Undergrad: 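So that we are looking at the same thing, I have put the structure below in structure tokens.
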Amino acid sequence: MDKPKGLVATIRTNKAAIAILVIATALFYNFAPSRWVDEIAYTMGSSPLGYIAIIAAIAIPAIAVLFLIHKPKNIIGSMGLNRNFAFAFLLGFLFSIPLLISIFLIEDVTISNDWFQLVLSHTISNTLLQFFIIGFLFGQLFRYAGWGFTSVILLYTLITVIPAIASNGNNFFNAPMFVQGMSAMLLFYAFYFWLYVEWRYNIWVPVCLSFFIAIPTDVFFAYADIETSNLIYDVALLLTAVAAIVATIVYKKRNKIPFTITAQNLLVNKQTEAC
């Protein structure tokens with residue numbers, strides 16, 4: 001069999017090239033485009049055209065990289081977009097039951113006047129964010145570039161946290177703030193990345209779960225004591241994460257499905273997939 005020829009074919013068979021393209025794109029999103037994306041969002045407002053413009057501005061660079069890495073027919077599968085949406089939606093609902101119940105535990109709760117706009121905007125923004133962070137960054141590095149589970153988490157945590165801390169000026173070298181930011185990011189990404197992988201790279205699982213997690217704050221407004229409301233929400237959020245983890249473990253053990261994340265692929269994933 002002849003070896004692949006051409007630059008694109010070389011990229012698709014070179015793990016280092018894949019990693020460089022993906023990481024460069026992540027850096028681009030974190031440092032370069034914020035001003036013009038924000039400008040589009042401000043100018044276009046909440047109109048349908050505005051949403052389309054924002055989606056295009058955010059998606060075009062990543063889509064271009066995906067076409068370099070994969071054959072066109074493999075792009076959707078490489079992101080996990082071809083997985084079962086209905087099943088993921090059901091899982092997201094079941095996992096988030098503690099959060100949904102928490103709404104009724106808070107006194108003086110009413111439906112927000114702009115709940116539809118909040119749900120729509122947050123659904124779009126959260127879905128795009130999940131597509132990029134989970135499907136593009138983590139998915140491509142873990143599945144095709146040979147990066148390990150924790151390696152990708154640490155990488156994107158640094159990419160995200162350091163600029164955020166640096167923007168606070170003199171607080172950049174504030175050690176407690178840095179540790180707090182790093183710890184929160186590590187737990188957040190570890191949870192969503194793990195769900196994505198263990199549910200057979202179904203990106204709709206974290207997407208749907210994040211949708212239901214946002215409902216209590218998007219749809220309902222609490223007139224009660226803010227600290228009490230936040231405490232109830234935080235406890236319910238923790239229970240939701242525990243429910244998702246436990247349910248995933250039980251499902252896989254009962255169906256005798258091996259876990260994908262193991263000690264062997266925490267730092268380096270040697271069992272990568274072909275592009």
Side-chain angles (χ1 to χ4, degrees), residues 1-27 62-63 65-85 87-88 91 130-160 185-207 209 244-275:
M1 182 180 295
D2 295 334
K3 293 183 178 180
K5 297 180 180 179
L7 177 61
V8 174
T10 301
I11 291 173
R12 291 173 182 170
T13 56
N14 190 309
K15 294 179 181 179
I18 295 173
I20 290 172
L21 284 171
V22 172
I23 295 172
T25 306
L27 291 171
I63 292 175
V65 171
L66 287 173
F67 270 96
L68 286 175
I69 297 175
H70 301 281
K71 297 177 181 178
K73 65 179 182 179
N74 296 335
I75 290 177
I76 293 179
S78 74
M79 293 282 290
L81 296 170
N82 60 343
R83 300 303 194 266
N84 193 325
F85 174 81
F87 181 65
L91 286 178
Q130 300 280 6
F131 283 177
F132 176 74
I133 298 177
I134 300 177
F136 181 78
L137 180 76
F138 174 80
Q140 305 308 308
L141 290 179
F142 181 77
R143 298 175 65 182
Y144 304 102
W147 282 52
F149 180 76
T150 55
S151 300
V152 183
I153 296 174
L154 289 171
L155 169 70
Y156 196 69
T157 300
L158 290 173
I159 291 175
T160 306
M185 283 291 193
L186 284 169
L187 290 175
F188 174 82
Y189 292 127
F191 174 64
Y192 276 107
F193 291 168
W194 184 79
L195 286 179
Y196 169 65
V197 173
E198 297 302 344
W199 288 102
R200 300 180 181 179
Y201 301 109
N202 188 338
I203 198 169
W204 300 115
V205 173
V207 166
L209 179 58
I245 294 172
V246 172
T248 302
I249 294 174
V250 171
Y251 175 83
K252 302 203 80 165
K253 286 191 173 182
R254 283 188 177 180
N255 291 278
K256 298 181 179 180
I257 302 174
F259 289 93
T260 304
I261 302 299
T262 64
Q264 283 69 40
N265 55 25
L266 290 179
L267 296 178
V268 177
N269 182 19
K270 296 182 179 179
Q271 297 185 354
T272 54
E273 303 175 36
C275 295

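We number each residue from 1, following the sequence as shown. Since the structure is predicted, the reported quantities are computational estimates derived from the model, not experimental observations.
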Undergrad: Are Tyr156 and Phe138 an aromatic pair, judged by ring center distance below 6.0 Å?
TA: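 No, ring centres 6.0 Å or more apart.
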Undergrad: Where do Lys71 and Arg12 come nearest, in terms of heavy atoms and distance?
TA: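 Nearest pair, atom of Lys71 first, then Arg12: CG-NH1, 3.6 Å.
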Undergrad: Please name the pair of heavy atoms, one in Leu66 and one in Ser78, separated by the smallest distance, quoted to 0.1 Å.
TA: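 What the structure gives for the nearest pair is CD2-OG, 4.3 Å.
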Undergrad: When rounded to the nearest 0.5 angstrom, what is the spacing between NZ in Lys270 and CG in Asn265?
TA: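 Rounded to the nearest 0.5 Å, the NZ-CG separation comes to 11.0 Å.
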Undergrad: Looking at CG of Leu81 and CD1 of Ile203, how far apart are the two atoms once the value is rounded to the nearest 0.5 Å?
TA: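 It comes to 5.5 Å.
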Undergrad: Got a donor-acceptor contact below 3.5 angstrom from the Asn84 side chain to the Phe87 backbone?
TA: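 Yes: the side chain of Asn84 pairs with the backbone of Phe87.
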Undergrad: Roughly how far, to the nearest 0.5 Å, is CD1 of Ile261 from CD of Gln264?
TA: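 Result: 11.5 Å between the selected atoms.
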Undergrad: I need the minimum non-hydrogen distance between Leu137 and Ala26, along with the two atoms involved.
TA: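 Smallest interatomic distance, heavy atoms only, reads CD1-CB, 3.8 Å.
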Undergrad: Among all residues two or more places apart in sequence or in another chain, which pass the side chain to side chain donor-acceptor pair (under 3.5 Å) test with Lys15?
TA: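 For Lys15, the residues satisfying side chain to side chain donor-acceptor pair (under 3.5 Å) (neighbours in sequence not counted) are Thr272.
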Undergrad: Rounded to the nearest 0.5 Å, what separates atom CD1 in Ile75 from atom NE2 in His70?
TA: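 Reported value, rounded in 0.5 Å steps: 7.5 Å.
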Undergrad: Using the rule given for side-chain contact (heavy atoms from CB on, under 4.5 Å), can you reason through Ile245 versus Ile249, listing the C-alpha separation, both sets of side-chain angles and the distance that settles it, and then say yes or no?
TA: CA-CA 6 Å; Ile245 294 172; Ile249 294 174; 3.9 Å; yes
Undergrad: Decide yes or no on side-chain contact (heavy atoms from CB on, under 4.5 Å) for Asn74 and Cys275, but give the supporting numbers first.
TA: CA-CA 7 Å; Asn74 296 335; Cys275 295; over 6 Å; no
Undergrad: Any side-chain to backbone donor/acceptor pair from Asn269 onto Trp147? Under 3.5 Å, distance only.
TA: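 No; zero donor-acceptor contacts below 3.5 Å.
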Undergrad: If only atom types and distance count, is the side chain of Arg143 paired as donor or acceptor with the main-chain N or O of Glu273 below 3.5 Å?
TA: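 Here the side-chain-to-backbone pair does not exist.
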Undergrad: So, the side chain of Lys252 versus the backbone of Pro258: is there a donor-acceptor pair under 3.5 Å, distance only?
TA: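 Side chain of Lys252 to backbone of Pro258: a pair is present.
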Undergrad: Can you check whether Ala145's main-chain N or O pairs, donor with acceptor, with Gln140's side chain at less than 3.5 Å?
TA: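 Looks like no, no N/O pair under 3.5 Å.
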Undergrad: To the closest 0.5 Å, what do you measure between CZ (Phe193) and CD1 (Ile134)?
TA: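 Here the rounded value is 6.0 Å.
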Undergrad: Let's go through Val65 and Phe136 carefully: what are the C-alpha distance in whole Å and the side-chain angles of both, what is the deciding distance for side-chain contact (heavy atoms from CB on, under 4.5 Å) to 0.1 Å, and is it a yes or a no?
TA: CA-CA 9 Å; Val65 171; Phe136 181 78; 3.8 Å; yes
Undergrad: Supply the atom-to-atom distance Leu186 CG to Leu158 CG, rounded to the nearest 0.5 angstrom.
TA: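 Here the interatomic distance stands at 8.5 Å.
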Undergrad: Using the ring centroid of each side chain, check whether Phe85 and Trp204 are separated by less than 6.0 Å.
TA: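 Between Trp204 and Phe85, which both carry aromatic rings, the centre distance is below 6.0 Å.
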Undergrad: So, do Phe132 and Thr25 sit near enough that their side-chain heavy atoms are less than 4.5 Å apart?
TA: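 Result yes, sub-4.5 Å side-chain heavy-atom pair found.
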Undergrad: Asn255 side chain to Tyr251 main-chain N or O, any donor-acceptor pair under 3.5 Å?
TA: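 Yes, because the side chain of Asn255 sits within donor-acceptor range (under 3.5 Å) of the backbone of Tyr251.
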Undergrad: Are there over 12 heavy-atom neighbours, none belonging to Ile76, within less than 6.0 Å of that residue's CD1?
TA: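 Open.
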Undergrad: Any side-chain heavy-atom pair from Leu209 and Leu91 closer than 4.5 angstrom?
TA: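 No, their side chains stay 4.5 Å or more apart.
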Undergrad: Quick one: list whatever passes side chain to side chain donor-acceptor pair (under 3.5 Å) with Trp199, sequence neighbours left out.
TA: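 Side chain to side chain donor-acceptor pair (under 3.5 Å) check on Trp199 returns Thr248.
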Undergrad: Going by the ring-ring contact (aromatic ring centres under 6.0 Å, His included) test, name the single residue among Phe131, Tyr201, Phe191 that passes it with Tyr196.
TA: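 Among Phe131, Tyr201, Phe191, the one meeting ring-ring contact (aromatic ring centres under 6.0 Å, His included) with Tyr196 is Tyr201.
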Undergrad: Is the closest side-chain heavy-atom distance between Ile153 and Thr157 below 4.5 Å?
TA: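 They are in contact (side-chain heavy atoms under 4.5 Å apart), so the answer is yes.
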